[in-house]
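Below you'll find the structure, written out as structure tokens, and then a few comments.
Chain letters run A, B, ... following the sequence lines, proteins first and then strands; every chain starts at 1. Just so we're clear, the structure is a prediction, and the values are computed from it rather than from any experiment.
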Number of protein chains: 2
Amino acid sequence: MVAGQGDGVSIVRPPRASRRAGLPDATVARLPEYLRALLAHAERGVETVSSDSLAAATGVNSAKLRKDLSYLGSYGIRGVGYDVAYLVQQISKELGLTQDWSVAIVGIGSLGHALANYGGFSSRGFRIVALIDADPAQVGETLAGVTVEPLDVLETVVRTRRVSIGVIATPAIAAQDVCDRLVAAGVMSILNFAPVLLTVPPGVDLRKVDLSLELQILACHAQRRLESPATPGRQEVLA
Amino acid sequence: MVAGQGDGVSIVRPPRASRRAGLPDATVARLPEYLRALLAHAERGVETVSSDSLAAATGVNSAKLRKDLSYLGSYGIRGVGYDVAYLVQQISKELGLTQDWSVAIVGIGSLGHALANYGGFSSRGFRIVALIDADPAQVGETLAGVTVEPLDVLETVVRTRRVSIGVIATPAIAAQDVCDRLVAAGVMSILNFAPVLLTVPPGVDLRKVDLSLELQILACHAQRRLESPATPGRQEVLA
DNA sequence: CGGTGTGAAGTTGTTCACAGCT
DNA sequence: AGCTGTGAACAACTTCACACCG
């Protein structure tokens, strides 16, 4: 599960809203998974993969995988499979990972620390160019090569370093303010880790990660397992 | 989006497989969100909410909210709305948050630190009863009142402290091994933060969180914004 | 043959619109 | 009057199954 919908655009609108370019949301959400598996294959020197084996490596149905890839174009070779290197290239391009994105993380508590140190960001073309915190005690510390700066330089930093993605890891209470300031400074993509609903003007892309959400879903399933001892639990592996 | 499907049961099977108890996956994924908003309302002393106002507070369509709540039973009062305290109670029960769950976190790197300190866990009935790390340098440190223990006590700890949920925050390379050991020790619910596909026996509930996934989706949208300057971006707020 | 690409069927989730309760 | 609960239409996503190609 992922993704509540809701086009920001309003007013009448013709029968069917235009998909920006193609690519269903569900597909986009799986591309990073495929990419990771492909990179792992490439590292092992594998040159081609079939949809079946790539599907096995990512835990999805192979028909779904083929359909996902077919949205990118017909890159497979019948009877053979897909060229690993080429597919890596195509998916990276589609995800916009062939260019670098400048990221600012606001809120350097333990989560902010973890995000700054997280290898998965820097390894994929996300360049952390600023760490910002309101607490003077944090300011000055250096993390992953970047020095923590105070909140009041946010606007300057966003503009001078051309920040295109803002990550909010502040306490809930501060999140909307930080968000507003990021948006006002020109950031169009925001990732929110604070447990609050943020609002942004139309055109700004806002996504949210809730660290306790999956834990609560696990608890819900566990609860149900306790209540109906007959039904065998089911295995879940999800994107 | 959430949840790949796939009932464990196999063989012929009558026309429609039985839903374990009700509750669509998409609904379960939203309940934590509703719960948070309801708790915020309760704190402000609000006693009843309409589906419209609760929907506004959580960023979902009000019809969807009513349908979600109707799966739990008919707890609303027509012409009035829902009783906040009662709804909190019902959702908590459904999510299994009325009882405590013992959680073990394995892998105390910066992410493990962040998870251990994250208030959203302990505040919802998730009791962190063990922190485990393979690195002797980490062992002995105390975090959020719990002391980090070495990897070889994993099985003992899981059994003696009745761990029901395991959180894996190790490097990718160690994750499957840790997962196997958790399962062998009797853990039936696992939350994986490591960027690899884990496999578990049927009956074990495995979920995954990928910290860089949402960032990659943001990049994908940003990329598309660059490519087709005409189309206005759309606002996204998701579960 | 082996494996991709895809129409068509099936399933799940969302939204509308309104009957019916309070 | 106001707001819930829900059937029915709609839309999105998944899976099947097979034509077709290398």
Rounded to whole Å, how long is the line connecting atom CG of Leu65(A) with atom C1' of dT15(D)?
13 Å

From OH of Tyr71(A) across to P of dG7(C) the rounded distance in Å is 11 Å

Does a nitrogen or oxygen in the side chain of Ser51(B) sit under 4.0 Å from OP1 or OP2 of dT4(D)?
yes

Sub-4.5 Å side-chain heavy-atom contact between Leu87(B) and Asp83(B)
no

Using whole Å, report how far CG of Leu69(B) lies from P of dC3(D).
16 Å

Atom CG of Asp68(B) and atom P of dG5(D) are separated, to the nearest Å, by 12 Å

Using a 4.5 Å cut-off on heavy atoms from C-beta on, say whether the side chain of Val187(A) contacts that of Val204(A).
no

Hey, are Lys208(B) and Glu33(A) close enough for a salt bridge, meaning a charged N less than 4.0 Å from a carboxylate O?
yes

I'd like to know if Lys67(B) reaches the base of dT14(C) with its side chain such that a donor and an acceptor end up less than 3.5 angstrom apart.
no

Nearest to the Ser70(B) side chain among dT6(D), dG5(C), dT4(D), which nucleotide is it?
dT6(D)

Among dT6(D), dT14(C), dG5(C), which nucleotide sits nearest the side chain of Arg66(B)?
dT6(D)

With respect to the side chain of Asn61(B), which nucleotide from dA17(D), dT15(C), dT4(D) is positioned closest?
dT15(C)

Does some side-chain heavy atom of Tyr82(B) sit less than 4.5 Å from a side-chain heavy atom of Leu54(B)?
no

Stepwise, does the side-chain contact (heavy atoms from CB on, under 4.5 Å) test hold for Leu197(B) with Asn192(B)?
CA-CA 9 Å; Leu197(B) 178 74; Asn192(B) 176 34; over 6 Å; no

Once you round it to whole Å, what is the distance between P of dT12(C) and NZ of Lys64(A)?
13 Å

Residue pair Gln176(A) / Val196(A), side-chain heavy-atom distance below 4.5 Å
no

From CG of Leu72(A) across to P of dT4(C) the rounded distance in Å is 14 Å

In numerical order, the residues of residues 75-82 of chain B whose heavy atoms come under 4.0 Å of DNA chain D are Tyr75(B), Gly76(B), Ile77(B), Arg78(B), Gly79(B), Val80(B), Gly81(B), Tyr82(B)

Mind calculating the distance between CG (Asp25(B)) and P (dT14(D)) to the nearest angstrom?
12 Å

Results of salt bridge (charged side-chain N to carboxylate O under 4.0 Å, His left out) for Arg181(B) - residues two or more places apart only:
Glu155(B)

